[in-house]
Enquirer: 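Once you've had a glance at the structure underneath, I'll fire off some questions.
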Protein chains: 2
Amino acid sequence: MSNVFKALADPTRRRVLELLREQPLSAGDLSDHFEFSKPTMSAHFSVLREANLVDATKSGKSVIYRIKLSVLEDALLGFAQGFGLGASNADTQDTDKEESS
Amino acid sequence: MSNVFKALADPTRRRVLELLREQPLSAGDLSDHFEFSKPTMSAHFSVLREANLVDATKSGKSVIYRIKLSVLEDALLGFAQGFGLGASNADTQDTDKEESS
DNA sequence: TAGACAATTAGCTAAATAACTAAATGAAGA
DNA sequence: TCTTCATTTAGTTATTTAGCTAATTGTCTA
C-alpha cells in the first residue's frame, strides 16, 4: 500500500508505467526514454517491482517489464473507494474551484 | 501531482485523511490520535497542505483542518483514467491472481 | 571458449524525509 | 497586561532516496 504510493510519488516511475501501458518493454528500451543512467533506471524498476506494479520476465539477454494493471487499479480505486470516491460523484461538498468570486 | 502521491506515501498522513473524512478536526485533536509529537504532526499537516489535500482555517486558538475531497478525487481517479481504469473494467488483461495454479 | 552485450549490484555522495526537543508566535481569559 | 494554551518554526539527527561510476553476472554468438 505504502509501497504503491511511494512508487507513484516519483515522476520518472509514473512515466515508466505510462510507457508500459502501451506495451511491454525491456529494461534497455525503457531506459532509452530517459536521460538517467541504466543503473539509476534499474533502481526505479526495482521500486516498481517491490510495489508489485510491474512484472519482470527474462527473455534472452533482456528483461521484459510488463505493467500489472490490476494492482494499480486495486490500489488507486480501492483507496478512493474508502473515501466514497469513484462511483458517480458529481457533487461532493468541496470543490475548491468556485469559492470567493 | 507528485505532491499528492508523496503526501499519500506516508501511512500517518493517509490516516489523517481518513480521520478528516469523518469530520473536520483541529490540529490538536488530530494529533491526539497519534503517538508522535505535535511538531511532527504539524509537519505532516504541512505536507498535506502543500499537496492541497486539506484546508486549514483558524478558529480562535485552534486550526481546523478539512479534507479537500475533490482534490483527492481528481488526483486518484484522474491518474487512474489515464490507464483506462475506473469505468467498468471487469476484464482487463492482467489479473495477477489466477496465474499458475 | 572468448567477446560482446544487457542488466543488476556495489559503493559512493548530496539532498530530502521523518522524527525529536526547545523556542517562538498568537489568541483568549483572568 | 500577564498567563495559558494551541500551533508552528528552528535546529538537530538518523535514515532513506535518487543520482552517479565501476564492477559483476549472465546470456548469447562468433
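All values below were derived from every heavy atom in this structure, side-chain atoms included, with hydrogens, water molecules and symmetry-related copies excluded. Per chain, numbering begins at 1; letters A, B, ... match sequence-line order.
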Enquirer: Contact class for A/S31 vs. all strands (heavy atom < 4.0 Å): base, sugar-phosphate, or nothing?
Expert: nothing
Enquirer: Please report, rounded to the nearest Å, how far the C1' atom of C/dA6 is from the CG atom of A/L25.
Expert: 15 Å
Enquirer: Going by the rule side chain to side chain contact (heavy atoms under 4.5 Å, CB included), which residues pair with B/A56 if we only count those two or more places apart in sequence or in a different chain?
Expert: B/R49, B/V63, B/Y65
Enquirer: So, using ring pair (Phe, Tyr, Trp, His ring centres under 6.0 Å) as the criterion, who are the partners of A/F79 when residues are at least two apart?
Expert: A/F5, A/F83
Enquirer: Taking N or O atoms only and anything under 3.5 Å, show me the protein contacts with nucleotides 16-25 of chain D, one pair per line.
Expert:
{"from": "D/dA18", "atom 1": "OP1", "to": "A/R13", "atom 2": "NH2", "distance (Å)": "3.0"}
{"from": "D/dA18", "atom 1": "OP2", "to": "A/R13", "atom 2": "NH1", "distance (Å)": "3.3"}
{"from": "D/dG19", "atom 1": "OP2", "to": "A/H44", "atom 2": "NE2", "distance (Å)": "2.4"}
{"from": "D/dC20", "atom 1": "OP2", "to": "A/S37", "atom 2": "N", "distance (Å)": "2.9"}
{"from": "D/dC20", "atom 1": "OP2", "to": "A/S37", "atom 2": "OG", "distance (Å)": "2.9"}
{"from": "D/dC20", "atom 1": "OP2", "to": "A/T40", "atom 2": "OG1", "distance (Å)": "2.5"}

Enquirer: Look only at the side chain of A/R66 and the backbone of A/Q23, and say whether a donor-acceptor pair between them is shorter than 3.5 Å.
Expert: no
Enquirer: Determine whether a donor-acceptor pair (N or O, by modelled atom type, separation under 3.5 Å) exists between the side chain of A/S37 and the backbone of A/T40.
Expert: yes
Enquirer: Check side chain to side chain contact (heavy atoms under 4.5 Å, CB included) between B/A80 and all other residues, then give those that pass, not counting sequence neighbours.
Expert: A/L76, A/L77, B/L85
Enquirer: So, is A/R49 near the phosphate of C/dT8, with a side-chain N or O under 4.0 Å from OP1 or OP2?
Expert: yes
Enquirer: Examine distances only and state if a side-chain atom of A/S31 and a backbone atom of A/A27 form a donor-acceptor pair shorter than 3.5 Å.
Expert: yes
Enquirer: Applying a 4.0 Å non-hydrogen cut-off, can you work out what B/Y65 is touching in the nucleic acid: base, sugar-phosphate, or nothing?
Expert: sugar-phosphate
Enquirer: When we call it a touch if two heavy atoms are under 4.0 Å apart, what does A/S46 touch: a base, just sugar-phosphate, or nothing?
Expert: nothing
Enquirer: What residues in residues 56-64 of chain B put a non-hydrogen atom under 4.0 Å from any atom of DNA chain C?
Expert: B/G60, B/K61
Enquirer: Among pairs that include at least one residue of residues 7-16 of chain A, which meet salt bridge (charged side-chain N to carboxylate O under 4.0 Å, His left out), considering only residues two or more places apart or in two chains?
Expert: A/R15-A/E18
Enquirer: Where do A/I64 and A/L25 land on the side chain to side chain contact (heavy atoms under 4.5 Å, CB included) test, with the steps shown first?
Expert: CA-CA 5 Å; A/I64 307 297; A/L25 287 168; over 6 Å; no
Enquirer: Ignoring backbone atoms, test whether B/S26 places a side-chain nitrogen or oxygen under 4.0 Å from the OP1 or OP2 oxygen of D/dT7.
Expert: yes
